[in-house]
Amino acid sequence: MELFRPDMHRRAVLRLEIQADLQRALGRNELVVHYQPIVDLASGRVEGTEALLRWQHPTRGVIMPDDFIPIAEATGMIVPIGYWVLREACRQTAQWRGRHPAASRLWVSVNISARQLAERDLVAQVGSALEETGLPSGALVLEITEGTLIQDIAETALKLQALKDLGVRLAIDDFGTGSSSLGYLRHFPIDVLKIDKSFVDGLSAAGTDGSALVEAIVEMARTLRLSTVAEGIEGKDQLAELQAMGCRSGQGFLFARPLAATAVEEFLRDGVAAPATI
Ligand code: C2E
Ligand code: MG
Ligand code: MG
């Protein structure tokens with residue numbers, strides 16, 4: 001009897017290997033946080049960064065989050081890993097703020113998965129990360145995807161309010177990709193909408209309603225007094241359109257890729273991401 005085709009078998013084995021290796025990755029210092037500059041689209045200044053996890057696997061090379069975060073979520077390993085990312089991002093950002101006058105108000109955005117949001121002690125962990133690293137709470141943004149928010153609206157609303165009470169800001173990541181209705185927005189104390197890359201891609205695609213869609217999101221955010229961060233800006237035309245629409249902030253390869261901490265320092269010294277493109 002053949003249950004698996006060979007390629008399915010290989011994939012299952014790979015997943016088990018990754019799972020076993022991931023268990024040891026944190027203790028062996030194989031996880032690294034990279035930071036992607038987020039810029040004020042009007043001035044080009046770096047106002048914050050998004051913390052993005054990388055895994056430097058001893059034999060497989062660098063593994064990207066899409067290839068191990070789902071496994072970490074399924075096994076629950078995302079919880080200790082996520083707390084580590086949070087502390088590391090807070091520590092690094094507090095250090096940058098102290099070192100570089102141009103970065104004295106720098107903030108950091110950290111991704112929080114559904115599994116982490118469900119943790120009883122998330123609020124306490126965020127509080128102690130801020131306290132231990134000395135990062136002011138207003139300099140931390142927690143990113144949560146739409147899908148995560150609507151899993152248990154009442155419970156989630158309470159937890160988000162407790163996080164807000166610490167003084168942190170909350171962002172909806174990948175906004176517009178979930179199938180949820182917009183009605184949920186009023187239940188949650190959200191500060192920022194991150195416009196998903198797929199919409200930003202639509203800006204440059206000829207013959208589509210891409211521009212109207214992004215404009216509607218920016219307009220709605222303005223009405224709800226939310227700020228907007230456009231994700232995945234790659235082209236100058238996209239930047240020009242977003243600026244014209246009044247989108248506040250953005251990140252993308254046009255400005256900078258996610259970078260190792262040492263490489264981010266260069267941006268922070270001058271405070272400007274890509275003067276030639278603005
Ligand atoms: P995300 O939170 O939506 O992060 C943005 C992703 O878009 C990053 O991919 C970033 O490198 C990529 N990106 C930014 N600008 C551009 C661009 O101009 N062009 C293109 N093609 N891509 C761009 P990355 O680093 O591979 O991360 C993928 C996802 O993994 C993240 O999506 C996030 O959902 C998750 N992730 C990353 N780090 C963490 C973490 O520490 N914890 C959790 N729970 N999830 C994480
Ligand atoms: Mg994100
Ligand atoms: Mg995103």
Side-chain angles (χ1 to χ4, degrees), residues 22 25-26 30-39 41 46 48-56 62-93 107-119 122 125-126 129 140-149 169-178 190-204 217 228-239 242 249-261 263-264 273-274 277:
L22 194 53
L26 199 51
E30 291 167 10
L31 299 180
V32 199
V33 183
H34 281 196
Y35 299 86
Q36 185 175 35
I38 298 177
V39 308
L41 295 184
V46 179
T49 69
E50 177 172 4
L52 293 159
L53 192 56
R54 305 287 181 258
W55 178 10
Q56 282 172 344
V62 176
I63 306 185
M64 298 299 278
D66 287 338
D67 295 324
F68 68 91
I69 298 263
I71 299 176
E73 281 192 40
T75 57
M77 271 185 292
I78 192 66
V79 174
I81 290 174
Y83 287 147
W84 177 80
V85 172
L86 179 70
R87 276 196 164 62
E88 181 58 19
C90 289
R91 184 199 63 74
Q92 182 62 78
T93 304
W107 44 265
V108 67
S109 211
V110 176
N111 293 284
I112 301 289
S113 74
R115 188 70 177 65
Q116 291 174 271
L117 195 65
E119 279 296 296
L122 177 70
Q125 289 276 353
V126 171
L140 178 63
V141 180
L142 300 178
E143 298 190 6
I144 298 156
T145 59
E146 257 175 321
T148 301
L149 285 177
R169 285 183 292 151
L170 301 173
I172 300 189
D173 201 358
D174 306 340
F175 182 76
T177 57
I190 299 296
D191 305 280
V192 183
L193 291 188
K194 297 197 72 173
I195 304 172
D196 191 67
K197 179 177 190 314
S198 56
F199 295 107
V200 175
D201 288 345
L203 285 176
S204 43
I217 297 175
T228 39
V229 177
E231 300 193 87
I233 305 173
E234 292 180 348
K236 289 186 182 182
D237 295 351
Q238 295 172 344
L239 171 62
L242 288 162
S249 320
Q251 64 192 97
F253 295 174
L254 178 64
F255 307 110
R257 290 182 176 254
L259 302 164
V264 177
T277 63

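When a ligand or atom number is given, it counts from 1 through the structure's own listing order. This chain uses plain numbering: 1 for the first residue, then up along the sequence.
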When rounded to the nearest 0.5 angstrom, what is the spacing between [atom1] in [X] and [atom2] in [Y]?
X    : Y    : atom1 : atom2 : result
I63  : Q56  : CD1   : CD    : 10.5 Å
L41  : Q238 : CG    : CD    : 11.5 Å
W55  : I69  : CH2   : CD1   : 11.0 Å
E88  : Y35  : CD    : OH    : 5.0 Å
T148 : I112 : OG1   : CD1   : 10.0 Å

Would you check if the side chain of T75 reaches a backbone N or O of A72 as a donor-acceptor pair within less than 3.5 Å?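 Yes, the answer is positive, given that a donor and an acceptor are paired below the 3.5 Å cut-off.
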Any residue meeting side-chain contact (heavy atoms from CB on, under 4.5 Å) with S113, in chain and number order, not counting sequence neighbours: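 Once residues adjacent in sequence are excluded, the partners of S113 under the side-chain contact (heavy atoms from CB on, under 4.5 Å) criterion are E73, I78, R115, Q116.
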With respect to the Mg ion (ligand 2), what is the nearest N, O or S atom of E50?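 Going by distance to the Mg ion (ligand 2), the closest N, O or S atom in E50 is OE2.
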Anything protein N/O/S under 2.8 Å from the Mg ion (ligand 3)? Just list residue and atom, please.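 The answer, once waters are left aside, is D173 OD1, D174 OD1, E231 OE1, E231 OE2.
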For D201, enumerate each residue passing the salt bridge (Lys or Arg N to Asp or Glu O under 4.0 Å) test, keeping only those at least two apart in sequence or located in another chain.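 Only K197 meet the salt bridge (Lys or Arg N to Asp or Glu O under 4.0 Å) criterion with D201.
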So what's ligand 1 close to, N/O to N/O, under 3.5 Å?
from: ligand 1; atom 1: 2 (O); to: E50; atom 2: OE2; distance (Å): 2.9
from: ligand 1; atom 1: 2 (O); to: N111; atom 2: OD1; distance (Å): 2.9
from: ligand 1; atom 1: 2 (O); to: D173; atom 2: OD2; distance (Å): 2.8
from: ligand 1; atom 1: 3 (O); to: D174; atom 2: OD1; distance (Å): 3.1
from: ligand 1; atom 1: 3 (O); to: E231; atom 2: OE1; distance (Å): 3.3
from: ligand 1; atom 1: 15 (N); to: Q36; atom 2: NE2; distance (Å): 3.1
from: ligand 1; atom 1: 18 (O); to: F253; atom 2: N; distance (Å): 2.8
from: ligand 1; atom 1: 19 (N); to: E234; atom 2: OE2; distance (Å): 2.6
from: ligand 1; atom 1: 21 (N); to: E234; atom 2: OE2; distance (Å): 3.2
from: ligand 1; atom 1: 25 (O); to: R54; atom 2: NH1; distance (Å): 2.8
from: ligand 1; atom 1: 25 (O); to: R54; atom 2: NH2; distance (Å): 2.9
from: ligand 1; atom 1: 38 (N); to: L53; atom 2: N; distance (Å): 3.1

Do the side chains of T177 and T145 get nearer than 4.5 Å, heavy atoms only?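 Not touching, per the 4.5 Å side-chain cut-off.
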Only one of E231, K194, E146 forms a side-chain contact (heavy atoms from CB on, under 4.5 Å) with D174, so which one is it?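 So the option named by the test is E231.
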